[in-house]
Amino acid sequence: MTQAHLDKFGRPIVVVTGIGVVTSLGQGKEDNWRRLTAGESGIHTITRFPIEGMRTTIAGTVDFLFDGRVAAPNLSEKLATLAAEEAIAESGIGTPGEFPGPLFAAVPPVELEWPERQQLAEAVGHYPIVYHDLLGAAASGKFRPWHERFLFGSVADRLADKFGTQGQPISLSTACASGATAIQLGVEAIRRGETEVALSLGTDGSVHPEALIRFSLLSALTTANDKPEEAARPFAKNRDGFVMAEGAAALVLESYAHAVARGAKILGVLEGCGEMADNFHRTRSSPDGRPIVGCMKNALADAGVTPDDVDYINAHGTSTPENDRMEYVGLKGVFSEEKLAQTPISSNKSMIGHTLTAAGAIEAAVSLLTIQNGRIPPTINYNIPDPAIPLDVVPNVARDAQVRRVISNSFGFGGQNVCLVLAAEPA
Amino acid sequence: MPDVTEGRSRNQRDVWITGIGLVSSLGEGLDAHWQALTAGSPPVTDNTTFAPYVVHPLVKVNFDSQIPKKGDQRQMEPWQRIGTYAAGLALDAAGIAKNAEILSNTDMVVAAGGGERDFQVDAAILNDLSASNDAGRLLNERLLSDLRPTLSLAQLSNLLAGNISIVHGVTGSSRTFMGEESSGVDAARIAYARIAAGQSEIGLVGGAYNAEREDTLLLNDLDAFCMKGAFSPAFTAPGIASGSMGAFLVLESPEHAKARGATPIAKLSGVWSERAKRAVAGAVPAKVKALLDKAGTAPGTAVISGVTGARDATQAEAEALTASGLPVRAVANRIGHGFEAQFIAALALAALAVSKGTLFPPLAGDPLEKAADGISRAIVTQVGHWRGEGAGLVEKA
């Protein structure tokens, strides 16, 4: 490995050689990029299950993969499979069924869902039941495959089988920062020299009634059900909550030396990762924004760059009143007033909603496409600016711009914050 | 191709275990555990509360001592409370509790499962659904009115880590791994590897499990994995007797520990994570043998096994361990099986035994446990009940 393949701290440079994306806007990078830069929304009224009696009846579900209802882990697995297939095909690495590195998979927590519970209750053979009766039905052996399906490691395990990744896959969750954490784990493994290649992905196919209602009970979701495509309004004054959504993205990460040696096309560089946990509250950020500031500063320091080197910010931008305000407070703590005013920032969630476990990976993928295409996707539904958040949010229309370096923010419930620094290939 | 699961390569630093927090059916803290282990008494089990299932209930714990705010306790389900409590014990033992400067640079990796159901609510809704002709609406309305708003937080896997940040102030970084037994192996592996490679100076790694809940018994009994009736020793492969436990370790670079005057309980010398193709006959024993070879089986080595008691996996591990000729102790024979927490609990008991220089007595009736001499190193093995094989090496510091 030559000097040119090491970063300024002497670590292997980590590059991206494959990208795959699925969201409610469509399958694959091309479709998603075209529609994201056209300012289209993938948010719609839910048709997957009855919505009567719900406060929020819209979501960015991915409805084009299965005809009927499938359990969340089945959908999460399918989404991840499609994203990984696209990423691996683009990178041209390995051979089919033999990926030469480990898998880091951000996957949503799983549990038996209501249709399964109802089948167990039916199998008891009488009503009313008590919960203990369900155990007898479980022990009947009639529902054997559900055990494996509803284990936390199940989705990553099947992906490991399908793609032939090396070793035991890591299934991880840092809530809404999970996708970014998966990438960070891959970067660290390559920097340690444990591997030359890693597959990092985030997937989430868990829009089902209880999941939606749990977020409703936390007052986290928008209730702007009438015009679904206008419901996600990051940074706008009339934002009132996020839109739950589904999707997946996968990145093939590779040491620069390894990618160059095999003549792979370099799609971008993972220059730095930063994290800092918040201990203020389970769903709210420290009022001073310290952990948000800290995770961005840590990421920039890890990349060995300064705020002045950043051309564009891919926001966490959930469209909740609290998050977007705190993200602004955090940005003010990192960037000078002058630099922040000049730096475009936009939220992909205005179009695809909040893909939760997948969001960090999807937004890293979109950040790389932004660099590649020299075009910044807009923040749509930005019609009423919030005077408390004076940012250039690339309102409503995509913008052409030379973008060489992006930071992508992800902040999770439970106080888990991650920031990634992504850049164009070294000149 | 490099070995991607290799936990250690050249030019790496030692990793010390400078704090252990352990709570289980046997008690709380290392001293209580050592006393119970060396007394040679049978494990503490309960086969009536959840009959026919056998569980190891958590010892009575004063949660207030580590989680002083009742409001915090109310925001947690039992598995989170157990874990937050054990994490506090580990920070205390390492001498870094309430040390804001160190805690703000402490990297946390938690191995976690997920949230607990409200059993009354679930049963009541199922009963009403059976009689409803508008089941979709009924389910939505009942969930909106019957679920506690904080339930979703108490259920999220990453909220054990979140609660540890809030209650104990650990904020350097926070990562949660899921995926049953392997999540514990990989949590330890990543925390270990980052310190060994200089990516981190100090870490908190651990997990927690609440065995006294019917939803996880249900999940595991779907495929007949549970121990039922009376307790039997783990290497007879009687099924899984789950055990309530919380286990956390403080891992630290020697430089960082020395600078603050801390001494090691033991040294963590390697963690390896593997995945056998279980459909292939002989794959699991071969993986376990490879892991033992990697850790080295010099004289003075014992095996502290995280064996689950589950069919197939247990016999496969037993085959490799028997062939090794090493003395073996099963964690499940003492405190039951704690899934995500099991490997960390096993590392804790291994560190304890190595620090004492001796193994605790065998459990009568277990086919693998035999009397043994003094030890200076212990290999912790973990064969997941359905997937994943791992090992860790603990040595005298």
Side-chain angles (χ1 to χ4, degrees), chain A residues 49-50 52-54 100-102 109 111 114 117-118 121 127-132 134-135 138-139 141 143-144 146-148 150-153 156-157 160 166-168 170-175 181 188 192-196 209-210 213-214 217-218 275-279 282 291 413-416, chain B residues 1-2 4-6 9 75 113-114 119 122-123 126-127 129-130 136-137 139-141 143-144 147 149 151-153 156-159 161-162 165-166 169-171 173-180 182-183 186 190 193-194 197 199 214 217-224 273-275 386-388:
Chain A
F49 47 79
E52 289 77 20
M54 286 186 165
E111 62 177 351
W114 282 97
R117 271 183 216 114
Q118 285 178 269
Y127 286 100
I129 55 125
V130 295
Y131 195 93
H132 189 78
L134 300 177
L135 278 71
F143 308 102
R144 212 170 269 275
W146 291 354
H147 167 259
E148 182 178 316
F150 292 98
L151 289 175
F152 288 94
D157 186 71
Q166 307 299 304
Q168 176 68 20
I170 288 184
S171 303
L172 67 102
S173 173
T174 48
T181 300
E188 288 175 354
R192 284 196 298 267
E194 281 174 22
T195 182
E196 298 290 345
E210 187 172 323
I213 285 168
R214 284 194 203 163
L217 288 170
L218 291 172
E275 51 195 331
M276 184 177 285
D278 196 331
N279 63 344
R282 287 163 188 82
F413 277 175
Q416 287 145 34
Chain B
M1 191 195 317
V4 298
T5 59
E6 178 62 76
S9 56
Q75 298 264 345
F119 303 108
D122 277 8
L126 287 168
N127 287 327
L129 285 174
S130 74
R137 174 190 289 272
L139 179 66
N140 295 342
E141 291 176 348
L143 289 174
L144 259 175
L147 293 183
L151 179 81
S152 58
L153 295 176
L156 283 176
S157 300
N158 69 303
L159 256 291
S165 291
I166 289 168
V170 178
T171 58
S173 63
S174 171
R175 303 173 184 180
T176 295
F177 292 176
M178 303 177 296
E180 295 69 45
S182 284
S183 66
D186 281 312
I190 295 296
R194 293 189 71 208
Q199 292 175 335
E214 292 192 318
L217 290 169
L218 189 161
L219 179 69
N220 293 315
D221 213 17
L222 283 166
D223 199 8
S273 177
E274 282 285 358
R275 180 173 181 274
W386 73 293
R387 193 76 77 236

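Residue numbers begin at 1 in each chain, while the letters A, B, ... track the order of the sequences.
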Note to self: Could you work out, with ring pair (Phe, Tyr, Trp, His ring centres under 6.0 Å) as the rule, every residue matching F49(A), not counting sequence neighbours?
What the structure shows: none

Checklist line | Backbone N/O of V130(A) and side chain of N127(B): donor-acceptor pair under 3.5 Å | finding: no

Margin query: For F413(A) versus N158(B), what's the shortest heavy-atom pair and its separation?
Written below: O-ND2, 2.9 Å

Next item on the list: Could you look at A139(A) and say if it's the side chain, the backbone, both or neither that has a heavy atom under 4.5 Å from chain B?
Entry: both

Item checked: Best-contacting candidate, A156(A), G414(A), G141(A), P291(A), against chain B by heavy atom pairs under 4.5 angstrom -> G414(A)

Margin query: Return the CE to OG distance between M276(A) and S165(B), rounded to the nearest 0.5 Å.
Written below: 11.5 Å

Checklist line | Largest heavy-atom contact set with chain A, pairs under 4.5 Å, which of L147(B), V170(B), L159(B), D122(B) | finding: D122(B)

Checklist line | Side chain / backbone / both / neither for E214(B) at chain A, heavy atoms under 4.5 Å | finding: both

Check: Taking only residues two or more places apart in sequence or in another chain, which ones pass side-chain contact (heavy atoms from CB on, under 4.5 Å) with A161(B)?
Finding: Q416(A), M108(B), V110(B), S174(B), T176(B)

Notebook entry, point to check: Looking at side-chain heavy atoms only, is the closest gap between R194(B) and R192(A) below 4.5 Å?
Noted result: yes

Next item on the list: For I129(A) and A123(B), work out which heavy atoms get closest and say how close.
Entry: O-CB, 3.9 Å

Check: Between L153(B), L156(B), T171(B), D221(B), which residue shows the highest count of heavy-atom pairs closer than 4.5 Å to chain A?
Finding: T171(B)

Checklist line | Atom of M178(B), atom of S173(A) and distance for their closest heavy-atom approach | finding: CE-CB, 3.8 Å

Item checked: Expected output: side-chain N140(B) to main-chain P50(A) donor-acceptor under 3.5 Å -> yes

Notebook entry, point to check: Hey, what do you get for CD (Q166(A)) to CD (E274(B)), rounding to the nearest 0.5 Å?
Noted result: 9.5 Å

Item checked: Between D186(B), L217(B), D223(B), N220(B), the one whose heavy-atom pairs under 4.5 Å with chain A are most numerous -> D223(B)

Item checked: Gap separating the CD1 atom of I166(B) from the CZ atom of R282(A), nearest 0.5 angstrom -> 4.0 Å

Next item on the list: Please state whether the side chain, the backbone, both or neither of S183(B) comes within less than 4.5 Å of a heavy atom of chain A.
Entry: neither

Notebook entry, point to check: Do R117(A) and L126(B) come close enough that some side-chain heavy atom pair is under 4.5 Å?
Noted result: yes

Next item on the list: Quick one: pull up CD1 in I170(A) and CD1 in I190(B) and give me the separation to the nearest 0.5 Å.
Entry: 4.0 Å

Note to self: Using side-chain heavy atoms (C-beta onward) and a distance below 4.5 Å, is W386(B) in contact with D157(A)?
What the structure shows: yes

Item checked: Per-residue contact mode, T181(A) against chain B (heavy atom under 4.5 angstrom) -> side chain

Next item on the list: Taking E180(B) for its side chain and F152(A) for its backbone only, find out whether a donor-acceptor pair lies under 3.5 Å.
Entry: yes

Margin query: Let's test your reading of the structure: which of G162(B), S173(B), G169(B) forms the most heavy-atom pairs below 4.5 Å with chain A?
Written below: S173(B)

Checklist line | L218(B) CG to H132(A) NE2 distance, which is reported to the nearest 0.5 Å | finding: 10.5 Å

Notebook entry, point to check: What are the two closest heavy atoms between Q168(A) and S273(B), and how far apart are they?
Noted result: CB-OG, 3.2 Å

Margin query: Report which part of L129(B) has an atom under 4.5 Å of a heavy atom belonging to chain A: side chain, backbone, both, or neither.
Written below: side chain

Next item on the list: Rounded to the nearest 0.5 Å, what's the gap from CG on L222(B) to CZ on F143(A)? Could you check?
Entry: 8.5 Å

Notebook entry, point to check: Can we say R175(B) and E188(A) salt-bridge, meaning some charged N sits less than 4.0 Å from an Asp/Glu carboxylate O?
Noted result: yes

